2 protein chains.
Amino acid sequence: MFELDLRSRAPIYEQLAEKVKELIIHNVLKPDQQLPAVRVLAGELTINPNTIQKAYRELENRGYIYSVPGKGSFVKPAETGINVIRLQDLEKELEKIVTEMLYLGVRPQEIITRIKRQLSKSADKGGPHHD
Amino acid sequence: MFELDLRSRAPIYEQLAEKVKELIIHNVLKPDQQLPAVRVLAGELTINPNTIQKAYRELENRGYIYSVPGKGSFVKPAETGINVIRLQDLEKELEKIVTEMLYLGVRPQEIITRIKRQLSKSADKGGPHHD
DNA sequence: CAGGTGTACTAGGTCATATAATACAGTTAG
DNA sequence: CTAACTGTATTATATGACCTAGTACACCTG
């Protein structure tokens, strides 16, 4: 279910958290859907349960999942508590990327075009689910 | 000249490389301009020269600077060898950010607006210098 | 030659990461 | 209730990246 690079400088728990986050964002993992149990996923990925646990804890701290002792870990619906700080971080990252693209010679019009293409591509898959 | 966070999980040499890269991208450091010598910068930042060297090496590998033994390290002009791989990475990052912004409830029109604002802000400072 | 530059190497310390082995408490199906 | 599942916590240990310290060599320039 997940492909991890054990040689990467990025920690395993961070890679895993990133993968799960992407599945949530792309709506592959639906709200309130149960995630694989830490021991099960540990067995499948041949990774220590503690490492899985660390990834899940990180995802919980960032507001993407919630865990219930005895029951399991589940995808947290996006509506509850929109993360303003995370949006500011994304804004800064976006700024960096656009600036570097300009530096590398990409024309402004080209940047706009690509983003619009991306927007129409993501619209149907993982768009927001406002009530 | 540089502000580093010694407590951050991000390595010092990575932080430094990122800072220098941003100065280059924003055209604060001009093409072929000499960078501070490794020992000098090490003294100013109270950091081991080896760490500075590591940051410079990384910048050289990524194509942002070039070093000449005996002379110094200098800003590499952007035109020579446009990094296609780097552009693909930026494209992927851009895709991730846009997707996550949508997930967090930002409207597509709002994303376009912010990027256009960013484009006009960067245009005068660090735009490409085509011959 | 003297003093600057980049670069390379070894040695040692620190800390995050990952593993291993237990352990405990809550939930749930039988 | 019992068994088997869940998340969570703890301790111990090993590994590797990171950083420092010190030294050394080759190159360039006034």
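Here is how names work: the chains are called A, B, and so on, in the same order as the sequence lines, proteins then strands, and each is numbered from 1. Given the structure is predicted, the values throughout are model-derived calculations rather than measurements.
Per the geometry, CZ belonging to Arg9(B) stands 14 Å off P belonging to dC19(D), to the nearest Å. Rounded to an integer number of Å, the gap from OH of Tyr66(B) to P of dG6(C) is 13 Å. The distance from atom CD1 of Ile12(B) to atom P of dA21(D) is 11 Å, rounded to the nearest whole Å. Residue Gln53(B) contributes atom CD, which lies 16 Å from atom C1' of dA21(D) at whole-angstrom precision. We find that CG of Leu45(A) is positioned 17 Å from C1' of dT17(C), with the value rounded to whole Å. Per the geometry, CG belonging to Asp5(B) stands 16 Å off P belonging to dC18(D), to the nearest Å. For Glu58(B) and dT7(C), the CD to P distance is 14 Å, given to the nearest whole Å. Atom pair Leu16(A):CG and dT17(C):P shows a separation of 14 Å (rounding to whole Å applied).
One cannot find a donor-acceptor pair under 3.5 Å joining the base of dG6(C) and the side-chain atoms of Arg57(B). Taking 3.5 Å as the limit, the base of dT22(C) and the side chain of Arg39(A) contain no donor-acceptor pair of atoms between them.
Between Ser73(B) and dG6(C) there is a side-chain polar atom (N or O) within less than 4.0 angstrom of OP1 or OP2. Close to dT17(C), at under 4.0 Å from its OP1 or OP2, lies no side-chain N or O of Thr51(A). Contact between the side-chain N/O atoms of Tyr13(B) and the OP1/OP2 oxygens of dC19(D) is not found at any separation under 4.0 Å. For dT7(C), one of the phosphate oxygens OP1 or OP2 lies less than 4.0 angstrom from a side-chain nitrogen or oxygen of Ser67(B). Dashed line: the shortest gap from a side-chain N or O of Lys71(A) to OP1 or OP2 of dG7(D) is not under 4.0 Å.
Counting only distance, with no hydrogens or angles, the side chain of Ser120(B) and the backbone of Arg117(B) share a donor-acceptor pair below 3.5 Å. Put simply, the side chain of Gln34(A) gets close to the backbone of Lys71(A): a donor and an acceptor are under 3.5 Å apart.
Of the candidates dG22(D), dG7(D), dA20(C), the closest approach to any side-chain atom of Asn50(A) belongs to dA20(C).
For the pair Pro11(A) and Gly70(A), both in contact range of DNA chain C, the more 5′-proximal nearest nucleotide belongs to Pro11(A).
Grouping Ile, Leu, Val, Met, Phe, Trp and Tyr by side-chain contacts under 4.5 Å, direct or through others, puts Val68(B) with Tyr66(B), Phe74(B).
Counting heavy atoms from C-beta outward, Leu94(B) and Leu94(A) have side chains that approach closer than 4.5 Å.
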key: salt bridge (Lys or Arg N to Asp or Glu O under 4.0 Å) between Glu100(B) and Lys96(B), intermediate numbers included   = CA-CA 6 Å; Glu100(B) 186 163 359; Lys96(B) 281 188 184 178; over 6 Å; no
